[in-house]
Amino acid sequence: MAAITLENLTKTYAGGVTAVSGVDLDIADGEFVVLVGPSGCGKSTLLRMIAGLETVSAGAVRIGAREVNRLEPAERDIAMVFQNYALYPHITVRQNLSYGLRNRRIPKDEIARRVGEAARMLEIGPYLDRKPRALSGGQRQRVAMGRAIVREPAAFLFDEPLSNLDAKLRVSMRGEIRALQKRLGTTSVYVTHDQLEAMTLADRLVVLRGGRIEQVGTPLDVYRNPVSTFVAEFIGAPAMNLLPAQIAQERLRLPCGAAVAVPSCLLPRAEGPVTLGLRAEDLRLASPEDAAFHADLSHVEELGSQRLAHLRLSGHSLVAAFDKGVALSDRLALAFAPEAVHLFDARTGLRLGAP
Amino acid sequence: MVENRRFLDILAHAVLLLGVLAVAFPVYVAFVASTHPSSDFVSGVVPLLPGSEGLATYREVLAGGGSTQMSVPIALALKNSLIMALAIALGKIAISILSAYAIVWFRFPLRQLAFWAIFITLMLPVEVRIVPTFKVVADLGLLNSYAGLSVPLIASATATFLFRQVFLTIPDELMEAARIDGAGPIRFFRDVLVPLSQTNIAALFVILFIYGWNQYLWPILITTDDSFTTVVAGIKRMADVTDGEPRWNDIMATAMLAMAPPALVVIVMQRLFVKGLVETEK
Amino acid sequence: MQHKRTTFRHRGLPYLLLAPQLAVTGVFFLWPAGQAVWQSFLREDAFGLKTSFVGLANYTKLLHDPQYLGSLHVTVIFSLATAALSIVSALVLALAADRVLRGPRVYTALLVWPYAVAPAIAGVLWWFLFNPTIGILSYALRALGHDWNHLLDKTDAMVLVILAAAWKQVSYNFLFFLAGLQAIPASLREAAAIDGAGPVKRFFTIVAPLLSPTTFFLLVVNVVYTMFDTFAVIDATTEGGPAQATNILVYKVYRDGFIGLDLGGSAAQSVVLMGIVIVLTVVQFRFIERKVTY
Ligand SMILES: Nc1ncnc2c1ncn2[C@@H]1O[C@H](COP(=O)(O)OP(=O)(O)O)[C@@H](O)[C@H]1O
Ligand SMILES: [Mg+2]
């Protein structure tokens with residue numbers, strides 16, 4: 001087990017695309033870090049550089065105390081789980097699990113012990129003598145995990161390992177991966193584009209945007225204090241409502257004209273346009289006299305435990321989440337607590353005020 | 001089928017039966033001819049029913065009768081054919097799978113050039129450049145040798161392309177997983193790629209075996225010594241008699257023996273054969 | 001040109017892997033082909049003592065050689081007739097096989113084995129059937145009033161080589177047509193049947209258009225086959241005769257080079273043939289590319 005350190009890590013592909021630029025990151029021993037971001041933001045490239053499957057254009061990858069830039073993947077003491085599992089189709093599950101160990105000339109009885117233990121942990125014992133073709137998607141996923149576990153590596157690398165599963169299986173495997181990692185205590189780097197998966201799995205989230213780190217933090221921290229409108233919109237479902245607003249006379253003027261007070265610590269130095277961020281669950285129904293603003297109901301999404309109201313406010317759409325059973329009229333009077341306000345620079349999208 | 005018109009069904013079966021008969025007819029006649037003594041052909045037309053001399057004829061042909069034009073027994077020619085066909089099929093498969101591997105999984109200077117050098121052979125059947133090729137083989141001292149019979153025919157762009165096609169369908173992640181599992185290029189080739197290509201190799205083998213077995217012009221040119229002749233090339237020699245009638249029963253027995261191995265391969269390995277045929281043309 | 005996302009990092013190994021193929025290609029393909037091109041610009045004197053560079057003279061001589069032009073003519077007739085005969089009979093058989101629900105595999109097995117028969121053997125078999133004195137078919141034809149003799153009659157000789165060459169090729173075409181037919185979704189034909197189209201109409205409106213790519217492909221392949229692979233058929237039956245009536249181009253290259261010992265002329269013919277092969281290959285590749293993008 002080992003810590004992983006990335007220093008100014010950069011990848012420029014032969015075609016000239018810079019997929020990752022200047023990434024600095026310290027991953028502690030035993031930590032579960034999730035790289036998250038929209039498709040094409042460079043997550044896989046970053047992970048594959050750690051694995052040694054892509055060369056590093058600039059910067060360094062350190063695993064433990066070693067710089068591993070020039071080492072073959074097999075020499076880096078890592079194991080990887082791929083989205084399509086990449087099981088060897090022509091050999092049995094048992095042989096799939098032991099192939100890497102045999103290449104390392106690990107003694108037979110030690111191989112048998114590790115395979116047996118992994119099979120027990122993942123409950124794939126009954127399939128050990130089948131070929132991957134004869135397994136369901138979920139079972140293949142477990143075998144892919146098993147292949148990583150038997151290696152007893154310093155780190156696990158996961159590239160969207162659950163994306164090929166159906167929604168229900170995805171949720172249960174998510175729990176299993178987390179439990180397994182806790183138990184083994186192996187440093188893990190996990191790539192996903194699914195923010196919910198990222199939130200539920202991570203000790204720490206790394207939000208990537210266009211090849212750069214946008215924000216690093218615990219899931220709650222990132223959720224509560226997104227550093228930019230990009231993170232605000234990406235993390236959390238439904239996405240944070242973003243509205244154009246004005247700061248005038250220390251008050252926040254909404255697009256509909258209503259003005260509300262905001263905590264002074266959030267106020268920018270200059271007056272002028274800002275972007276207001278409000279989470280759906282931070283909006284509440286108010287009496288007309290307490291309301292910060294009024295919005296028209298366009299339709300309601302019933303989630304069972306919650307009702308999501310889709311609203312129109314002076315040409316902007318926003319979403320508010322209410323408890324089940326709350327009655328909603330065509331025009332709603334809404335309010336929010338001053339602490340719930342997120343303000344972003346209208347031009348750069350960066351968070352205003354102290355985090 | 002959409003509707004059950006009895007008439008059309010019967011017509012279809014009739015057409016197929018007719019086709020099967022037309023296709024089989026020349027071979028049937030040859031078989032019949034091989035079972036009659038050669039004296040039966042002197043007067044009038046070929047008989048239509050098998051005779052009783054079959055076993056004797058085949059035995060004589062295989063062992064090498066004194067009276068045929070061929071100075072060697074057909075058993076030897078069959079052995080030569082087998083060696084040539086196997087050498088060509090296995091040789092082509094071996095050098096093609098290696099070169100396709102290099103082209104798909106390595107990046108190196110001159111890769112493009114190598115690709116085109118191989119590609120261009122697709123366009124040049126041996127018949128077209130027969131004279132200079134013959135000269136090269138003669139200069140290398142390969143006349144009347146198994147190497148001369150097979151090596152010049154084993155460079156094949158077709159097989160290289162087939163393997164390249166197959167390799168390109170193998171997911172990138174498989175090789176990446178193997179590398180993480182500590183497999184280098186040789187191990188990956190041996191442990192993953194070759195086993196994964198098994199059916200393609202077998203299918204290709206069927207096609208190439210037939211190709212090698214059926215070579216005609218090349219063995220004729222390369223072998224002046226009858227002990228290296230192949231059965232397909234030798235049959236012409238038996239028929240080319242200047243004085244008197246050819247020994248039809250011997251010739252037809254030889255033809256049957258020359259057809260049997262590749263035809264058996266096709267019939268026994270029909271699925272692989274069809275796969276090989278369809279895929280080498282893709 | 002495509003390669004894998006991740007490649008191995010070895011320097012020497014790829015060259016080692018390519019070496020056998022490149023060696024054989026270089027020694028037995030590229031070098032002789034280059035020789036053919038070079039020789040096509042040379043001419044040897046009558047005693048083979050002196051060789052001189054004559055530029056394009058061998059080519060101009062070819063274009064004015066009535067025998068060469070005759071051979072070209074013969075090749076075109078032979079190729080097209082063989083292709084047409086084998087394609088049409090294969091199509092009929094494939095349609096029938098596609099229609100019978102049970103047993104297409106049995107029929108396929110009984111129809112495909114001639115693919116395995118060497119062209120030379122095919123030639124010998126048909127030569128025997130049509131042997132003017134003892135052949136069973138020439139006997140039947142005589143009974144019908146046609147005095148068959150392919151040793152003397154040019155048409156008879158041509159018919160003989162066409163039959164022998166087409167007989168062997170039917171199985172190949174049959175397999176491709178059957179595969180093409182079985183790839184047509186049943187729903188398409190069912191829809192046409194619901195629209196009231198009878199079997200004949202269905203063939204011309206649904207099946208034939210969908211088979212046309214296969215047919216075109218087979219046409220090219222068959223022309224290539226008849227131009228080059230039928231050398232053995234000719235050599236085993238007519239040896240180009242009578243009076244050059246079946247002397248196709250590839251046979252003439254061989255005769256002029258090995259028996260006529262006209263190296264320059266033979267080389268020029270080789271180069272022309274290479275040109276034809278390249279054109280046909282390019283046509284075929286274009287077509288395959290288009291098929292892939294469907
Ligand atoms: N082998 C490659 N060659 C060139 N560009 C690539 C290659 N792989 C990925 N890219 C580009 O790099 C960027 C990041 O890709 P990737 O790391 O796969 O993103 P993600 O995994 O976040 O979806 C994309 O713009 C992609 O097009
Ligand atoms: Mg990715």
Side-chain angles (χ1 to χ4, degrees), chain B residues 1-3 8 12-13 15-16 19-20 23 26 29-30 41 45-46 95 98-99 101-102 104-108 112 114-115 117-118 121-125 127-133 136 152 154-155 168 172 176 185 210 214 216-217 232 235-236 255 258-259 262-263 266-267 270 274 277-278, chain C residues 1-8 10 13-14 17-18 20-22 24-25 28-29 31-33 35-36 92-93 96-97 99-100 107 109-114 116-118 120-121 124-126 129 134 136 139 175 179 189-190 193 199 228 231-232 236 250 254 257 266 270 273-274 277-278 281:
Chain B
M1 212 23 72
V2 178
E3 75 260 88
L8 281 178
H13 281 287
V15 165
L16 285 168
V20 168
V23 158
V29 172
F41 302 97
V45 82
V46 180
I95 71 170
L98 291 178
S99 56
Y101 182 45
V104 173
W105 266 289
F106 292 84
R107 262 175 285 182
F108 51 94
Q112 198 84 6
F115 181 81
I118 295 168
T121 62
L122 194 65
M123 302 178 171
L124 302 175
E127 283 80 3
V128 171
R129 55 196 160 74
I130 194 78
V131 181
T133 311
V136 170
I154 67 174
L168 286 177
D172 289 326
E176 295 170 357
I210 295 169
N214 289 348
Y216 177 73
L217 175 59
V232 170
I235 202 162
K236 174 86 185 305
M259 274 184 279
V266 165
I267 291 170
Q270 192 180 332
V274 173
L277 199 62
V278 173
Chain C
M1 191 190 29
Q2 273 176 287
H3 56 70
K4 290 293 179 178
R5 180 171 68 190
T6 14
T7 48
F8 288 109
H10 287 248
L13 191 59
L17 293 170
L18 278 168
Q21 173 123 26
L22 287 181
V24 176
T25 306
F28 298 107
F29 282 69
W31 170 253
Q35 286 283 302
V92 171
L93 288 170
R99 174 152 192 108
V100 299
Y107 283 120
L110 289 171
L111 285 170
V112 297
W113 57 266
V117 176
I121 304 292
V124 168
L125 295 179
W126 284 89
L129 289 176
I134 60 163
I136 191 148
Y139 173 80
L175 279 176
R189 286 189 250 192
E190 279 158 9
F228 304 106
F231 173 91
V250 67
Y254 159 77
S266 167
S270 282
L273 274 181
M274 287 188 219
V277 183
I278 288 171
T281 314

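These figures come from a predicted structure and were not determined experimentally. What you see below is based on every heavy atom in this structure, not just the backbone, and it leaves out hydrogens, waters and symmetry mates. The chains referred to below are lettered A, B, ... by the order of the sequence lines, with proteins before strands, and numbering in each begins at 1.
Among A114(B), P262(B), P26(B), G19(B), the residue with the largest count of heavy-atom pairs under 4.5 Å with chain C is P26(B). Note on K236(B), R107(B), E176(B): by heavy-atom pairs under 4.5 Å with chain C, the leading option is R107(B). Between chain C and the residues I118(B), V266(B), V232(B), the most heavy-atom pairs under 4.5 angstrom are made by I118(B). Residue with the most contacts toward chain C among S99(B), A30(B), P185(B): P185(B) (heavy-atom pairs, distance under 4.5 Å). In terms of non-hydrogen atom pairs under 4.5 Å with chain C, the most contact-rich of P152(B), A12(B), A263(B) is P152(B). The greatest number of non-hydrogen atom pairs below 4.5 Å with chain C, out of I154(B), D172(B), I210(B), V131(B), is found for D172(B).
T6(C) touches chain B through backbone and side chain together, each having a heavy atom under 4.5 Å away. The parts of L93(C) that come within reach of chain B are both its backbone and its side chain, each placing non-hydrogen atoms under 4.5 angstrom from that chain. The parts of I95(B) that come within reach of chain C are both its backbone and its side chain, each placing non-hydrogen atoms under 4.5 angstrom from that chain. Proximity to chain C is limited to the side chain of V136(B), based on heavy atoms less than 4.5 angstrom apart. For L273(C), the parts lying near chain B are the backbone and the side chain together; criterion is any non-hydrogen pair under 4.5 Å. Contacts between A36(C) and chain B at a heavy-atom distance below 4.5 Å involve backbone atoms as well as side-chain atoms. Only the side chain of I267(B) comes within contact range of chain C, with at least one heavy atom under 4.5 Å from a heavy atom of that chain.
Taking CD1 of I121(C) as the start and CG of N214(B) as the end, the distance is 8.0 Å to the nearest 0.5 Å. Taken from CZ in F29(C) to OG1 in T133(B), the straight-line distance is 8.0 Å, to the nearest 0.5 Å. To the nearest 0.5 Å, the span separating CD1 on I235(B) from CE on M259(B) amounts to 7.5 Å.
With sequence neighbours excluded, no residue forms a ring pair (Phe, Tyr, Trp, His ring centres under 6.0 Å) with F28(C). With sequence neighbours excluded, the residues that form a ring pair (Phe, Tyr, Trp, His ring centres under 6.0 Å) with Y101(B) are W105(B), F106(B), F189(B).
F231(C) and Y216(B) have tilted rings, their planes meeting at an angle from 30° to 60° on a 0 to 90° scale.
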